There are 2 protein chains.
Amino acid sequence: MPRPSTPLLSPDRIRSTALAIIDRDGLDGLSMRKLAAELGVQAASLYGHVRTKDQLLNDIASSILSTVDVSGFDVDWREGLIRCARSYRAALSSHPNIVPFLAYGPAGRDESLKRLDILHGALVDAGWSRREATMIAAGLMYIVFGSALSSFSSGFSADPADYSGRYPHLDRAHLLPGVARELDHDSFELALAAFVRGL
Amino acid sequence: MPRPSTPLLSPDRIRSTALAIIDRDGLDGLSMRKLAAELGVQAASLYGHVRTKDQLLNDIASSILSTVDVSGFDVDWREGLIRCARSYRAALSSHPNIVPFLAYGPAGRDESLKRLDILHGALVDAGWSRREATMIAAGLMYIVFGSALSSFSSGFSADPADYSGRYPHLDRAHLLPGVARELDHDSFELALAAFVRGL
DNA sequence: GGGTTAACCTAACACTGTTCGGTTAATCGG
DNA sequence: CCGATTAACCGAACAGTGTTAGGTTAACCC
């Protein structure tokens, strides 16, 4: 195919298609060839619009992080922490398959740093030392990312035989997958509330 | 090479060499060919001792998880939670490069379930409902895995220019890498203490 | 001592991300 | 309107991945 009259590709189209594949097939389900095929194009053509696959993932990650809202600190620092954490988790759990990639180096992304900066400043304004503010922000990230990895309830089997007998206290763990979403949410809320209350 | 007089390979030797490579070169730095080369062997020979690379990683993960100690619940459930979380984190941070793999489905591993079962039982014995016990255990795992991903302080740049001006409250973030280990540890302890106190 | 098995090998398959060189259409300058 | 440049795509290739099939030979058992 020669140069088409109207371009088939654009960074935006590539990003949104890639994210759709990740949502559907998982992080490992995204390959440049599959992405290209879904766009009606050969793999090599993508590299005219995207520097590298890693960069593509970083751009997608940034666009997800840019939806995080940290504007709740004018009321109360506790309330600000809670709102920030909820917003962060909502952003991550809207595209859970990309979280493992995101969990590597969120601190280095501009979209993440901007929000971290606000959070840090608000905590210092509330009377915490700089070091304490850093640690509190870190702790909040632990809970957000730990819960967003959703490695917990969704990691259980739905087969009762996997638990009964061998794990006396987990005899109803096979019910977890059915309520995974709700339970993960409630566990996150509990952890968040306990953390903020305990500060 | 024909069949050697004394076998060159054993599951144990394969596992420990693989873990050494992961510790040295990261999770992506482990390939079956490199592992084989390090063992003085061709890649195909590994498959006589190991079913698949994923299974190999799972075995390594299980051996790491088996070092987690959950024996502190006879004193007090709060103290038990804290000791369990510390032991868990110590196990993970002794081989940080494998944590991303571990974070996917720790709930499904036998070594993990055994410990989760004890934790769950201890919380129920302490008076928590089954559902509360599940959520508390989940919350503890959030903090443990969130901190073990160490995506926080080690993700910062050591170059002051990356922060000054752009992020008013992060003007000393370039110092973080130098104290990453200590800060990650203290942040974990703070998050853990706040969480347990807030319950 | 012969048959079986275990442990290794070579070669290959189907994939991966990425690059190089080529082809053609759109676009811009005069 | 024509010529040069550039933008957008493609085909083929490279080095790497996990994994399998089939072959070779030494160790082991009866």
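Bear in mind that the values here come from a model prediction, so they are computed numbers and not experimental data.
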> Whole-Å distance between dA13(D) C1' and Tyr47(A) OH?
Replying inline: 14 Å
>> Please report the distance, rounded to the nearest Å, between CZ in Arg51(B) and C1' in dT19(D).
In response: 12 Å
> Which whole-number value in Å describes the distance from Lys53(B) NZ to dT20(D) P?
Replying inline: 14 Å
>> Can you see if the side chain of Gln42(A) gets near the phosphate of dG11(D) - specifically, an N or O under 4.0 Å from OP1 or OP2?
In response: yes
> Among residues 18-37 of chain B, which contact DNA chain C at a heavy-atom distance under 4.0 Å?
Replying inline: Arg33(B)
>> Check this one for me: any side-chain N or O of His49(B) less than 4.0 Å away from OP1 or OP2 of dA6(C)?
In response: no
> How many Å lie between CG on Leu9(A) and P on dA25(C), as a whole number?
Replying inline: 18 Å
> Rounded to the nearest 0.5 Å, what separation is found between the CZ atom of Phe73(A) and the CD1 atom of Ile118(A)?
Replying inline: 9.0 Å
>> Can you see if the side chain of Thr52(A) gets near the phosphate of dT18(C) - specifically, an N or O under 4.0 Å from OP1 or OP2?
In response: yes
>> As a test of reading the structure: which of dC9(D), dT10(C), dG18(D) is closest to the side chain of Val41(A), going by heavy atoms?
In response: dC9(D)
> Taking atom OG1 of Thr134(A) and atom CZ of Arg172(B), what is their separation to the nearest 0.5 Å?
Replying inline: 9.0 Å
> Rounded to the nearest 0.5 Å, what separation is found between the CH2 atom of Trp128(B) and the CH2 atom of Trp77(B)?
Replying inline: 4.5 Å
>> Looking at Asp59(B) and Arg51(B), is there a salt bridge between them, counting it only when a charged N and a carboxylate O are closer than 4.0 Å?
In response: no
> When you check the gap from the basic side-chain N to the acidic O, do Lys34(A) and Glu38(A) get nearer than 4.0 Å?
Replying inline: no
> Where the side chain of Arg115(A) meets the backbone of Val70(A), is there a donor-acceptor pair that is under 3.5 Å apart?
Replying inline: no
>> Measure CG/Leu46(A) against P/dT19(C) and give the value in whole Å, please.
In response: 13 Å
> Can you check the Asp54(B) CG to dG18(D) P distance for me, whole Å?
Replying inline: 11 Å
> Are OP1 or OP2 of dC9(C) and a side-chain N or O of Ser45(B) less than 4.0 angstrom apart?
Replying inline: yes
> Is the closest basic N to carboxylate O distance between Asp12(B) and Arg15(B) below 4.0 Å?
Replying inline: yes
